[in-house]
Amino acid sequence: MKSRAIRQAFFDFFKKKQHEIVASAPIVLKDDPTLMFTNAGMNQFKDYFLGYKEPKSVRIADTQKCLRVSGKHNDLDEVGHDTYHHTMFEMLGNWSFGDYFKEEAIAWAWELLTKVYEIPIDNIYVSVFEGDKTDNLPKDIDAINIWKKYIAEDRILEFDKKDNFWEMGETGPCGPCSEIHVDLRSEEEKAKISGKELINADHPQVVEVWNLVFMEFMRKADGSLEKLPQKHIDTGMGFERLCMAIQKKASNYDTDVFMPIINQIETISGKTYGENEEDDIAIRVVADHLRAVSFAIADGQLPSNNGAGYVIRRILRRAISYGYRFLNQKEPFIYRLVDILEKEMGEFFPEIIKQKELIVNVIKEEEVSFLRTLEQGLNRISQIIEKNKKEGKTIIEGKVVFELYDTFGFPTDLSALVAENFGMTIDEKGFEKHMQDQKDRARKASESETGDWVVILEDEKEEFIGYDYLEADVKITKYRKVTNKKGSFYQIAFNFTPFYAESGGQVGDTGYIEALGEKITILDTKKENNLIIHITKTLPKTPEATFKAFVDKKRRDAITKNHTATHLLHQALREVLGDHVEQRGSHVSEDRLRFDFSHFSKITEEEMQQIEEIVFKNIIAGHPLEENRSVPINVAIEKGAMALFGEKYDDVVRTIGFGDSFELCGGCHVKSTTDIMMFHIESESSIASGIRRIEAITGQKAIDHLKKHFTEYSDVLKILKNPKEPVKAIESIQKENNELRKQVEQFIKEKALVAKDEWINKAEKIGDITFISEKTDLDAGAVKSIAFQLKGKIDNLFMIIGSTANQKPVLTVFISEDLVSSKSLNAGTIVRELGQFIKGGGGGQAFFATAGGKEIGGIDQALQEAKKYLN
Ligand code: SER
């Protein structure tokens, strides 16, 4: 069975069991501060488990793109070294939200695996939760009894919390689970050791394929468990492992999920998979990381220097460095694998086809720059090795290895390899210590403690009313305390809220709430999944009171102007540059708007003017806001609403129209485009390959900015005496200025020639020394040029020149090389000493040095004193 058919059979099976098949959520998470990437199929349903949101269907099945590279579930270091870990993998899952429970979940898993996929019963083991004293949880007898209907009792194994109690993170929904394991070893091996002994023992061919989680609890911040309002089913089956089991392969990488990519790596590198362990690891690393990075980029996460972007950069760099070291790839090559990825996965994940150009460009650019970094790192380590050798050291310090790793992203094993070539080793322990110190520092910086919610008022749903109201009577439903490196704060939820929570690029509202003479400032508003959280420094004395809530109106107005202008800009960009322009990111605050979009060249001045003009025209046109708060997503898309890539939309969406601009958007907007008043593009730049950024301002800020420019302009006109054609007038001044500069340069040159001859003629002979001591209004540059012209021309020359150009005293001392050696003179020392007379300092070389000062009157004395060095 091919992998595509395996995936399809899963959907068909659960469709027959009345499950709705839904699309995978993006791999990059935007509205969940507890996670960077989707790491389990259930992430997108977290709100259903917690009861924050109603599921659209109580039975759902899907395949979810997952990335386990940070936080509680992090497999990155293992990937490549073994044959069954991955960064990105697909998780097939079926869910019941308060509907069926253990009985059906187990029965269907059994039916699918043994009847549809025909995995031999003799290869299957199952595990169940043995209970836990600290959590006061009993053994999962129900699961054991159900399993007994299908499988021999001695194949039902009991494991503890670590293996059989699934938790999403430190806090969140959780519950006992039952895993299904398959033993894929040969009969001969099975005879030697029973599969039973190898369950949960990291054996590459005795693997867990499916995890059935019986969600019943919520882990709270204080570590305790609370019963969820309903019981749910969350199952997750590793697609790649399932393919291995069905296709009877020795590893996931040997299945048709990975082999086409591996074959392509073989073609590019000339290596053969399966011949050498080191090469094999590198091939697996590249094949795996290509998928993770491509999907992350397709879902909107570009590599960057922090947060989720940094994780993606690290994954890609890991692949590049394995390619460089073991596959001999000194030029970018990973981007060339996107073609085969598209061919294999594009059909089911069309985002790979749609975003292919971006994926290819971004990967290539990262490869070019990291390969350069690797080369620089190699040079740097060679220098360090040279130095160490001279000093007789044979070990490269841990601190140095860490610096190479940290600043150059230079892998330690590569440092070790280079060192070895020179007969040296690296101090691995020292490196580890520096690494640990840095981790500790980072952990301290990001440490935060989130208390449990204190519920004041049971309220099903917190409603956002801020599209229509900026003031409202609200009640606090719950609050909790959060402590992070910035201090202690409270997060407060209301029954109704006029405060917009940061999302879709628009910043969160600020303002205050007031009751019983107490006023509490709302510092920011954020979203956690669907919950709107208001951030305050203090808690009201009587949280049960009814509060009057006020959004900072002036700030919100400025934000809405920028948000609507972002839509107009988006539309103007498409009109002028073409339909390939797609939003890649945006930030809308009260100060400015920032819009990132796909486009492959710099925007010309002419295009920029056109863009600004279209936006102006649309502002002046006074297009009214056309808002529709509940449109079925397919209807909106059919009508041409622009959707953002990597964004997960609900089935019912909100659309925003202004004239020809029509977008899916949840943000806040002006009532009419004339409210924007003014629009001005401040800058245009490139932020990544094929991605450009425009920053612009609107409203009063744009008016003030233009007013300032007008004032400056009219001042310039006044200075120019109001010429008829100001541009021509300035050009002619510039031209005149250039000509005059040339003439002055020529004049100085001639003057310097005259001065040189004069100085030579007036030179004094003191013993066998030719002594020149002169004061001049030539500047230090001209004096230097004369000195260098005299180099080698006059024997035993000692020249000191005091320059007074621009009222800045400078002493220049020039001593011919023969005199430097015969009399051990040093112009640098001399100029520093004589510099005191002009209240200054300086230095230089033995034959030429200068000192600048503040006391022009001291030049004569300095020139006088110079003679004493000749004795
Ligand atoms: N949440 C469980 C897991 O990720 C089952 O989907 O393994």
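Since the structure is predicted, the reported quantities are computational estimates derived from the model, not experimental observations. For ligands, and for the atoms within them, numbers begin at 1 and follow the listed sequence.
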May I have the N/O to N/O pairs between ligand 1 and the protein that fall below 3.5 Å, each with atom names and distance to one decimal?
from: ligand 1; atom 1: 1 (N); to: Asp234; atom 2: OD2; distance (Å): 2.7
from: ligand 1; atom 1: 4 (O); to: Arg68; atom 2: NH2; distance (Å): 3.2
from: ligand 1; atom 1: 6 (O); to: Asp234; atom 2: OD1; distance (Å): 2.6
from: ligand 1; atom 1: 6 (O); to: Thr235; atom 2: O; distance (Å): 3.3
from: ligand 1; atom 1: 6 (O); to: Gly236; atom 2: N; distance (Å): 3.1
from: ligand 1; atom 1: 7 (O); to: Trp166; atom 2: NE1; distance (Å): 3.3
from: ligand 1; atom 1: 7 (O); to: Asn211; atom 2: ND2; distance (Å): 3.2

**Aromatic plane relationship, Phe11 with Phe348 - under 30° parallel, 30 to 60° tilted, over 60° perpendicular** =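 Phe348 vs Phe11 ring planes: parallel.
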
**Item:** Test of ring centre spacing under 6.0 Å for Phe45 and Tyr48
**Value:** yes

**Complete:** Sorted by chain and number, sequence neighbours left out, salt bridge (Lys or Arg N to Asp or Glu O under 4.0 Å) with Asp154 holds for none

**Request:** Output every pair passing ring-ring contact (aromatic ring centres under 6.0 Å, His included) with a member in residues 225-256, not counting sequence neighbours, ordered by first then second residue.
**Result:**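 Output for this query lists Phe49-His232, His86-Tyr253, Tyr253-Phe258.
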
**pair Lys248-Leu184: side-chain heavy atoms closer than 4.5 Å** =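 Lys248 does not reach Leu184 side chain to side chain.
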
**Contacts of type ring-ring contact (aromatic ring centres under 6.0 Å, His included), residue Phe129, not counting sequence neighbours** = Phe165

